[in-house]
Amino acid sequence: MWTKCVRVEPELRPGGFASVMATGIVSQAVGAAGARRLSDGLLAVAVALYELLLAGWARRLTGHRQDVARELREPAKVFGFFTFVAGSDVLATRLAAGPGRPVAAVLLAVALPVWLALMWCAARVVRGLGVGGVLRHVDGSWFLCVVGLQSLVLAGGALEPHRALVAKVAGWVLGVALYVVVAAAVAGRVVSGGLRPGELTPPYWVTMGACAISLLAGARLVPQGLDPAPTGGAVADFLLAMWGWTTLLVPVLLAAGIWRHGVHRVPLAHEPTWWTIVFPLGMYAMSSVVLGTTEGPHGLVSVGHAMAWAASGAWTLAALGALLPRLPGGVPGRGSGQKKRSRKGKARRQAHSAR
């Protein structure tokens, strides 16, 4: 069944590894909340998804290189490729402390050059758009470049907690700066042209997820030497401010969803981008736990534990939404419906041409 799920078009789109990102971080979050068996089970699912997606993408790269190259030049798709980097590093972070450490090292070694290559591709796309083009095309998926970079920092910190501090801190600072740049571009689009209900898609949740992973990376670096102050200090204040901003985004994004589906009646149907909602929730849970442990207040740990279960619930909904349409008699999701309509439209055009 899982093999069937990853052979179809939506899961082999550029952002397909978001399912690995989401599953991996929810595994960490529920593990921090004390559910070790559930955490291990989700880790197994994440590894299986990763392997199947790798196999699918190997076939796609072999047989459809031109299509992939075209997607790397499209502003709506190029940033989705960063889910491979983040998915690899989320797994690496989870595996680093156990017998899977050698695998984690390989994942990080692969993810770093891929991030650099993708940033080069993304920079070319952005430069070609110009300011006006950026304001027309920027969306929540652009934050995935931040997620990819901060995931590298997290994986590096998990594998080598006492080495390369300067490089990790530099990566973290660059990631925070990159977040500000993308956030300014998104804000510019909202102010200049606004967003129609149909454009307010699930990837806008990565606005929160990118901040949450930046917060988690910073909190992880604190005991490694990021914050020299024994108690409190500028770093602690900055991390708490980041947590406040991430928390503020939760009701804002929920309200945006109500505005989209409740007020403007955009149909609520499953689509693969649901995973970009699960990932920020899991990352928020994990960052709250780690921040509460390293910098306080300790009450954030309880918030993180509660959010871990909320994230696991969201993961369950996303997983059911992905699986049910593939079962006999299942109801097609949004992606499959669009695909069927596309095939019907193509058949009509061919028939019309024949006449």
Discussion item. We want to know whether Ser288 and Trp243 form a side-chain donor-acceptor pair, criterion being a heavy-atom distance below 3.5 angstrom.
Written reply: yes
Worksheet item: Would you call the rings of His264 and Trp259 parallel, tilted or perpendicular, where under 30° means parallel and over 60° means perpendicular?
Response: perpendicular
Worksheet item: Would you say the side chain of Arg70 lies within less than 4.5 Å of the side chain of Arg65, judging by non-hydrogen atoms?
Response: no
Worksheet item: Is Val169 reachable from Leu174 through a run of I, L, V, M, F, W or Y residues, each pair having side-chain heavy atoms under 4.5 Å apart?
Response: yes
Item to complete: Please answer whether the main-chain N or O of Cys145 pairs with a side-chain N or O of Trp115 as donor and acceptor at a distance below 3.5 Å.
Response: yes
Worksheet item: Hey, mind stepping through Thr247 and Met242 against side chain to side chain contact (heavy atoms under 4.5 Å, CB included) and telling me if it holds?
Response: CA-CA 9 Å; Thr247 303; Met242 290 181 69; over 6 Å; no
Worksheet item: With no hydrogens and no angle check, is any side-chain donor or acceptor of Ser27 less than 3.5 Å from a backbone partner on Ser39?
Response: yes
Worksheet item: Do Ser287 and Leu239 have side chains that get closer than 4.5 Å, going by heavy atoms?
Response: no
Worksheet item: Val278 and Leu317: side chain to side chain contact (heavy atoms under 4.5 Å, CB included), yes or no, with the steps?
Response: CA-CA 9 Å; Val278 180; Leu317 291 176; over 6 Å; no
Worksheet entry | Heavy-atom closest contact (Ser141 atom, Phe79 atom, distance) | O-CB, 3.4 Å
Worksheet, complete the sentence: Residue pairs meeting salt bridge (Lys or Arg N to Asp or Glu O under 4.0 Å), one or both in residues 93-107, sequence neighbours left out, come to Asp40-Arg94, Arg101-Glu160
Worksheet item: Is it the case that one hydrophobic cluster holds both Trp245 and Val180, taking links as side-chain heavy atoms less than 4.5 Å apart, direct or via other members?
Response: no
Response to the item:
For Trp274, the hydrophobic cluster (side chain heavy atoms closer than 4.5 Å, chained through members) also holds Leu268
Worksheet entry | Test side-chain hydrogen bond (donor to acceptor under 3.5 Å, both in side chains) applied to Trp172 - qualifying residues, sequence neighbours left out | none
Worksheet item: Can you tell which of Val176, Leu248, Thr246 makes a side chain to side chain contact (heavy atoms under 4.5 Å, CB included) with Cys211?
Response: Thr246
Worksheet item: In terms of hydrophobic clustering (I, L, V, M, F, W, Y; side-chain heavy atoms under 4.5 Å; direct or indirect links), are Val301 and Val30 co-clustered?
Response: no
Fill in: Evaluation steps, side chain to side chain contact (heavy atoms under 4.5 Å, CB included), between Leu195 and Tyr204
CA-CA 11 Å; Leu195 288 173; Tyr204 275 97; 3.4 Å; yes
Discussion item. Test: salt bridge (Lys or Arg N to Asp or Glu O under 4.0 Å). Region: residues 116-139. Which pairs qualify, not counting sequence neighbours?
Written reply: none
Discussion item. If you compare all heavy atoms of Gln28 against all heavy atoms of Val90, which two are closest, and at what distance to 0.1 Å?
Written reply: NE2-O, 3.4 Å
Worksheet entry | Least distance between heavy atoms, Val125 atom then Leu72 atom | CG2-O, 3.6 Å
Worksheet item: Taking a hydrophobic cluster as the set of Ile, Leu, Val, Met, Phe, Trp and Tyr residues connected by side-chain heavy atoms closer than 4.5 Å, whether directly or through intermediates, do Trp120 and Val126 fall within one such cluster?
Response: no
Worksheet entry | Heavy-atom check, side chain of Tyr50 versus side chain of Val45, under 4.5 Å | no
Worksheet item: Which atoms form the tightest heavy-atom contact between Gln150 and Ile213, and what is the distance?
Response: CB-CG2, 3.8 Å
Discussion item. Walk me through whether Trp205 and Leu281 qualify under side chain to side chain contact (heavy atoms under 4.5 Å, CB included).
Written reply: CA-CA 9 Å; Trp205 278 80; Leu281 294 175; 4.1 Å; yes
Worksheet item: Is there a donor-acceptor pair closer than 3.5 Å between any side-chain N or O of Thr23 and the backbone N or O of Val20?
Response: no
Practice prompt. Determine which pairs satisfy salt bridge (Lys or Arg N to Asp or Glu O under 4.0 Å) with at least one residue from residues 164-192, sequence neighbours left out, and list them in order.
Written response: Arg189-Glu199
Item to complete: For residues Phe81 and Trp57, establish whether the separation of their ring centroids is below 6.0 Å.
Response: yes
Worksheet entry | Val146 and Ser214, any side-chain heavy atoms less than 4.5 Å apart | yes
Worksheet entry | Side chain proximity check, His270 to Leu324, heavy atoms < 4.5 angstrom | no
Worksheet item: Can you tell me how far the OG atom of Ser151 sits from the CG atom of Leu91, to the nearest 0.5 Å?
Response: 10.5 Å
Fill in: Distance-minimising heavy-atom pair for Ala111 and Asp89
CB-OD1, 3.4 Å
Discussion item. Quick one, Leu300 and Val289 - any side-chain contact, counting heavy atoms below 4.5 Å?
Written reply: no
Discussion item. Could you check whether any side-chain N or O of His137 sits under 3.5 Å from a backbone N or O of Gly133, counting only pairs where one atom can act as donor and the other as acceptor?
Written reply: yes
Worksheet entry | Linked, directly or transitively: Val181 and Val173 (ILVMFWY side chains, under 4.5 Å) | no
Fill in: Contact summary for Pro297 and Leu240, nearest pair of heavy atoms
CD-CD2, 3.9 Å
Discussion item. Can you classify the ring geometry of Tyr179 versus Phe143 as parallel (below 30°), tilted (30 to 60°) or perpendicular (above 60°)?
Written reply: tilted
Item to complete: Report the residues that fulfil side-chain hydrogen bond (donor to acceptor under 3.5 Å, both in side chains) with Glu51, sequence neighbours left out, ordered by chain and then residue number.
Response: none
Worksheet item: Does the side chain of Met208 reach to within under 4.5 Å of the side chain of Tyr284, using non-hydrogen atoms?
Response: yes
Worksheet item: Side-chain contact, heavy-atom cut-off 4.5 Å: Thr201 with Thr273?
Response: no
Response to the item:
CG (Leu38) and CG (Leu42) are apart, to the nearest 0.5 Å, by 4.5 Å
Worksheet item: For the side chain of Arg260 and the backbone of Pro197, is there at least one donor-acceptor N/O pair under 3.5 Å apart?
Response: yes
